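All remarks here apply to the structure that follows.
Residue numbers count from 1 along this sequence. Here the structure is a predicted model, which means the values were calculated and not measured.
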Amino acid sequence: MKLFEELLARRSKLAVVGLGYVGMPIAVAFAKKVDVIGFDLNKDKIEKYLNGIDPTNEVGDEEIKKTTVKFTSDPHKLKEADFYLIAVPTPINADKTPNLTPIENVSRTVGQNLKKGSIVVYESTVYPGVTEEVCIPILEEVSGLKCGRDFKVGYSPERINPGDKTHTLENIVKIVSGIDEETLENIAAVYELVVKAGVHKAKSIKVAEAAKVVENSQRDINIAFMNELAMVFDRMNINTDEVIEAMNTKWNALKFYPGLVGGHCIGVDPYYFIYEAEKLGYHSQIILSGRKINDGMGPFIGDVIIKELVKSNRIVKEANVVILGVTFKENCPDTRNSKVIDIINRLNEFDINPTIVDYNADKKELSNEYGLKLTELDKINNADCIVLAVAHDQYKMMNVKEIEKLFNPESGKILIDVKSVLNSEEYINNGFKYWSL
């Protein structure tokens, strides 16, 4: 427990490497207990943090302004730390295989600054075996040190839910693991400083790695089931929301709902599990099927929009389609792996370039990642079809009159409610052609 005690006495420093939606809240939380270095290669992001701006909206500008985190984009500053938490993204390639480049690169950066006696903890989601078989060899090669003798390694999967102000770092049980018992105890003690819900000590690093991909794969499969039902019920002219409402009266109903499944966790993690299973000769059936269903929801909704336009006698390629919300989930600025993009791409195939509105989305990220621009809501007054794609609070609170003002007075007032958050009866009674997933 020596390193834990050194951190508490502020004779050692903790470094959080990767300051996005996961790393930044962790850094801010730990800075209330120990000395923290917050490192990210993105200089623009660091500049915002230094100026008291929180681009993630996870903790807010006020918390950033008063935090004692030493924000930096200089990797040499990592030499000052002895305890490292690595929280970089682990995306997938175009062919749905894991892209380990970010975690490999960050391992090299940390390895170049690693000292004897240090502990490195990975939080990035990976398939079982990556920490020990990919990351540790890089750390050893670059640092010239030996894991287990000169430095220790652990794994503690991130469980932060971006945009969720209830299930925060402090309130979610933290899974921790280490290469040996002493390392595990040190890592557990460090996380217990900030995680009020406590920690779960996994028996091995691979168990902790597996737990993360499995918990997101389980959720992905359950949503896929509801999405498949929604597509079938659409053909049966049955309201899916009404079916779910009836089903949920039973005590053991799981209360999952259909929807777009994107982001950098649920929409990605199952592919890490599938990839490793394939390497071992097992072809995933349930998990892969669930992924295919969820990946197909954007095109499905795009086809629904086209069908509704045709039924309303609108010339498809001349239709003015407005999409409300483009982030991967509600009340969050993150557009990475947003499945709303799949709706847009489907509409593009029919020569429709929809107008996109999202007061939450990161404009620069949206432009750089997808080449898309945002329009202000008050500029919308001539829509043929409104697609409520992301249930941001602002859109959920809009009333019939406010939404009606967005339409062309001569249009059919087509309203596509992807998340089923509006009162369908109210809109139908007011002459809208309402559809929900």
Flag the pair [X] and [Y] as a salt bridge only when some basic side-chain nitrogen lies within less than 4.0 angstrom of an acidic carboxylate oxygen.
| X | Y | value |
| --- | --- | --- |
| K339 | D295 | yes |
| K364 | D44 | yes |
| R159 | E123 | no |
| K433 | E308 | no |
| K66 | D61 | no |

Using the benzene-type ring in the case of Trp, are the ring centres of Y127 and Y275 under 6.0 Å apart?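 Yes - the distance between ring centres of Y127 and Y275 falls below the 6.0 Å cut-off.
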
Ring centres under 6.0 Å, that's the criterion: do F39 and F71 meet it?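 No, too far apart.
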
Between the side chain of D40 and the main-chain N/O of V17, is any donor-acceptor distance below 3.5 Å? no

Walk me through whether S156 and K174 qualify under side-chain hydrogen bond (donor to acceptor under 3.5 Å, both in side chains). CA-CA 7 Å; S156 179; K174 200 80 167 73; 2.7 Å; yes

Can you tell me which residue pairs pass the salt bridge (charged side-chain N to carboxylate O under 4.0 Å, His left out) test with a partner in residues 346-358, sequence neighbours excluded? D303-R346, K317-D351, R346-E349

Of all pairs that satisfy side chain to side chain donor-acceptor pair (under 3.5 Å), the ones with a partner from residues 394-403, not counting sequence neighbours: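 Pairs touching residues 394-403 that pass the test: none.
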
side-chain hydrogen bond (donor to acceptor under 3.5 Å, both in side chains) between N408 and N320, intermediate numbers included: CA-CA 9 Å; N408 177 344; N320 185 9; over 6 Å; no

Can you give each donor-acceptor pair under 3.5 Å made by side-chain atoms of residues 370-378, sequence neighbours left out, with the distance rounded to 0.1 Å?
residue	atom	partner	partner atom	Å
Y370	OH	T335	O	2.8
Y370	OH	N337	N	3.1

